[in-house]
**Student:** 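This is the structure, below, for whatever I ask next.
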Amino acid sequence: CSYYTFNVEQLGLLLDRNEKSLKSNHLNPLRTQEKLLEYTYPEVPNHPEQAYKTTEKGLKWLKSEGFNIGK
């Protein structure tokens, strides 16, 4: 999510995970508790094109973990 935005369906396919559990067990905590991800449409949580992107905090965390994200 640092290079492209992904919706929950795309992430489920990429990670071979059930969308519902992926969202509740991973994506929501990364968004609401850790603040490492954010919605692309934060003002409309149920937006039909809703997707996830990495926050500035998330980018800093990735860099601190040694990921070369090019930003």
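All heavy atoms count here, side chains included; hydrogens, waters and symmetry mates do not.
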**Student:** Give a yes or no on whether the backbone of Val44 and the side-chain of Gln50 come within a donor-acceptor separation of less than 3.5 Å.
**Tutor:**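 Indeed, once roles are kept as given, a pair shorter than 3.5 Å links the two residues.
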
**Student:** Let me confirm one number: the CG-NZ distance from Leu30 to Lys23, rounded to the nearest 0.5 Å.
**Tutor:**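 Rounded to the nearest 0.5 Å, the CG-NZ separation comes to 13.5 Å.
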
**Student:** Should the pair Arg31 and Tyr52 be classed as cation-pi, given the thresholds of under 6.0 Å to the six-membered ring centre and 45° from the axis?
**Tutor:** no

**Student:** Answer yes or no: is there a donor N or O on one side and an acceptor on the other, between the side chain of Thr40 and the main chain of Ala51, under 3.5 Å?
**Tutor:** yes

**Student:** Taking all heavy atoms of Pro29 and all of Ser24, pick out the closest pair and write down the distance.
**Tutor:**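 Looks like CD-O, 3.5 Å.
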
**Student:** So how far is it from Lys53 NZ to Leu59 CG, rounded to the nearest 0.5 Å?
**Tutor:** 10.5 Å

**Student:** Using the side-chain contact (heavy atoms from CB on, under 4.5 Å) criterion, which residues pair with Glu43? Sequence neighbours excluded.
**Tutor:**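 Here the qualifying residues are Tyr41.
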
**Student:** For Glu19, enumerate each residue passing the side chain to side chain donor-acceptor pair (under 3.5 Å) test, keeping only those at least two apart in sequence or located in another chain.
**Tutor:**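 Scan of Glu19 (side chain to side chain donor-acceptor pair (under 3.5 Å), adjacent residues dropped) gives none.
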
**Student:** Quick one: CG on Leu27 to CZ on Phe6, what's the gap to the nearest 0.5 Å?
**Tutor:**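 That separation rounds to 12.0 Å.
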
**Student:** Taking ring pair (Phe, Tyr, Trp, His ring centres under 6.0 Å) as the test, write out the residues that go with His26, two or more places apart.
**Tutor:**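 Once residues adjacent in sequence are excluded, His26 has no partner under the ring pair (Phe, Tyr, Trp, His ring centres under 6.0 Å) criterion.
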
**Student:** Could you pull out all residues at least two apart from Lys57 that satisfy side-chain contact (heavy atoms from CB on, under 4.5 Å)?
**Tutor:**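 Lys35, Leu36, Thr55.
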
**Student:** Tell me the closest heavy-atom pair linking Leu62 and Ser2, and the distance in Å.
**Tutor:**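 It is CD1-CB, 4.1 Å.
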
**Student:** Identify the two heavy atoms, one from Cys1 and one from Leu37, that lie closest to each other, and give their separation to 0.1 Å.
**Tutor:** CB-CD2, 3.9 Å

**Student:** Report the residues that fulfil ring pair (Phe, Tyr, Trp, His ring centres under 6.0 Å) with Phe67, sequence neighbours left out, ordered by chain and then residue number.
**Tutor:** none

**Student:** Side-chain atoms of residues 9-16: list all donor-acceptor pairs with protein atoms under 3.5 Å, sequence neighbours left out, distances to 0.1 Å.
**Tutor:**
{"residue": "Gln10", "atom": "OE1", "partner": "Asn7", "partner atom": "N", "Å": "2.8"}

